[in-house]
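Whatever order the structure lists them in is the order used to number ligands and atoms, beginning at 1. Note that this is a predicted model, so its numbers are computed, not measured.
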Amino acid sequence: MSNKWWENRIVYQIYPRSFADSNSDGIGDLRGIISKIDYLKELGVGAVWLNPIYDSPNDDNGYDIRDYGKIMKEFGTMEDFDEMVKLLHKNNIKLVMDLVVNHTSDENYWFKMSSLNMKNRYTDFYIWRDKPNNWASFFVPSAWTYSETRKQWYLHLFSAKQPDLNWKNVDVRNEIYAMINRWLDNGVDGFRMDVINCIAKADGLPDGKGDGNVFSPEYFVMQPKMHDYLREMRQTCFVGRDCMCVGETPMTTKENAPTLVNDGQELDMIFQFDLVEMRDGIDKWHNIPFDLNKFRTILSTWEHDMKWNSLFLSNHDQIRAVSRFGNTSTDEFRIRSAKMIGTAVHLLKGTSYIYQGEELGMANVPFPNMEAIRDIESRNYYKNADDKDLAFKTIVKNSRDNARTPMQWSVDRNAGFSQAEPWIMVNPDYKKYNVEAERQEKDSVLNYYKKLISLKTKNEVIIYGDFKLLMETNKSIFAYERTLGDKTIRVFCNMTNKPVKIKIEPYKELLLTNVDKPKIARFEAYESRVVSV
Ligand code: NOJ
């Protein structure tokens, strides 16, 4: 047992734009976060991760950084930031910031200088070619855009306003490390590193196999050089500091992920997407029915292969957890299944990340039309689709905007998020699902999550215990046990909408359940039970 701070704390993910608006401009901000520190205490979380709050033109909601040293105007000032850090720390809450260093904004000074048709310090800060290769980007058909000033093409794995940095250039790396160190000196306790496994590109940028624009992750995901850069970054910035590094690493596999984490020289843990995608390689716009066997295999494999995991059910890029893994067809099922999926995942071994609103059972949003959609990825998908009706229906079900609507605080106007019209619509279900109402309601998802958080953070067996899958072939129940010394706890979750008859072994104590009176030989639909034996 090493007792690193992130091992026994739960991280609460805040999407600042949609969390709390203190100055009535319809956009969440840092003073809004400050005003909710009491709520974070009440929940029992020990850290927050903020999506990017740096100066940005917001082509991709802050993932396009114009100035790494400044706070985004809508979010506040450096003084607000300092006060937020001070108050979080005073309340024993750590601060994890987003680190976006695969790309910057095209409005970043470095890129502006690099695009000039003349030699300067920034000429090689980005990836320039006379002729583009055939790579497709994550967001738009081609990963290349022509610069009229420089008369060359630049690479962008995301939007044209997000040019990729050239990590081969030691000056780029040194600038980034200096920037990281400045934020650490400002009180930051950790970083969530955006698409960090994409920072190195294959030498020569080979064409992808296929016709037209080809999405070619084999040439930019998990390249050997990436390991060198991450090791160098750790040495230059993190050694000797009590700082947590979690990598956002799309397309990592259970075979290559351990190389990022297990020897402790690169990252402390990663976000991998096997669970939230469960798609067998089919893209994010297609819905695949929930499959308990896949769910079980994914979770148990990662528990076995990784020294430490990140546990999450949703984030700002995913649809709402209860809409994906639970059942929102009735309030009864919604409330019970939201509690059950939280139990299934957050009691595994690893650091739990709770995405804002998950603790209320917030669900997907009935967006009425494309005008209500803000997300660049969804808007591009619509633009490029032939059948617009189908594209819109697909977007309503799968868009990242489902997770980005305002946090639901109360029954007040705009769910208590803002006095002004919010930048994105409020989910109309806020009258029932909101913090104030759920505080009063004994059996709410919120009150259950408080117990779940307390259970997870206060029990060594749940923090450090070994994991073992139980009932491996059961068609309804996902079950496992965690053991440390002579202590064992067991978790049982009925993941279906039907009761099942099943007898579990006698237990010492019932630690947590989402039903009124659990029966000995029967599990209700979506029932979860945590017991010690
Ligand atoms: C992953 C972030 O989570 C997502 O929101 C963003 O669009 C891309 N990286 C690009 O930065």
Could you give me the CA-CA distance, side-chain angles and deciding distance for Arg404 and Asp317, then say whether salt bridge (charged side-chain N to carboxylate O under 4.0 Å, His left out) is met? CA-CA 9 Å; Arg404 298 178 176 188; Asp317 290 331; 3.2 Å; yes
Show the distances, to 0.1 Å, for all pairs joining an N/O atom of ligand 1 and a protein N/O atom that are shorter than 3.5 Å, listing one pair per line.
| residue | atom | partner | partner atom | Å |
| --- | --- | --- | --- | --- |
| ligand 1 | 3 (O) | Arg192 | NH2 | 2.9 |
| ligand 1 | 3 (O) | His316 | NE2 | 2.7 |
| ligand 1 | 3 (O) | Asp317 | OD2 | 2.4 |
| ligand 1 | 5 (O) | His316 | NE2 | 3.2 |
| ligand 1 | 5 (O) | Asp317 | OD1 | 2.7 |
| ligand 1 | 5 (O) | Asp317 | OD2 | 3.4 |
| ligand 1 | 5 (O) | Arg400 | NH1 | 3.3 |
| ligand 1 | 7 (O) | Asp60 | OD1 | 3.3 |
| ligand 1 | 7 (O) | Asp60 | OD2 | 2.5 |
| ligand 1 | 7 (O) | Arg400 | NH1 | 3.0 |
| ligand 1 | 9 (N) | Asp194 | OD1 | 2.8 |
| ligand 1 | 9 (N) | Asp194 | OD2 | 3.3 |
| ligand 1 | 11 (O) | His103 | NE2 | 3.0 |
| ligand 1 | 11 (O) | Asp194 | OD2 | 2.7 |

Measure the acute angle between the ring planes of Tyr54 and Tyr68, then classify it against the limits of 30° and 60° as parallel, tilted or perpendicular. perpendicular
Any chance the rings of His227 and Tyr229 have centres within less than 6.0 Å? no
Verify side-chain contact (heavy atoms from CB on, under 4.5 Å) between Trp167 and Lys225, making sure each step is shown before the conclusion. CA-CA 9 Å; Trp167 273 74; Lys225 272 273 171 210; over 6 Å; no
Under a 3.5 Å cutoff, is there a donor and acceptor pairing between the side chains of Gln318 and Arg324? yes
Run the side-chain hydrogen bond (donor to acceptor under 3.5 Å, both in side chains) test against Asn256 and tell me which residues pass, sequence neighbours left out. Thr253
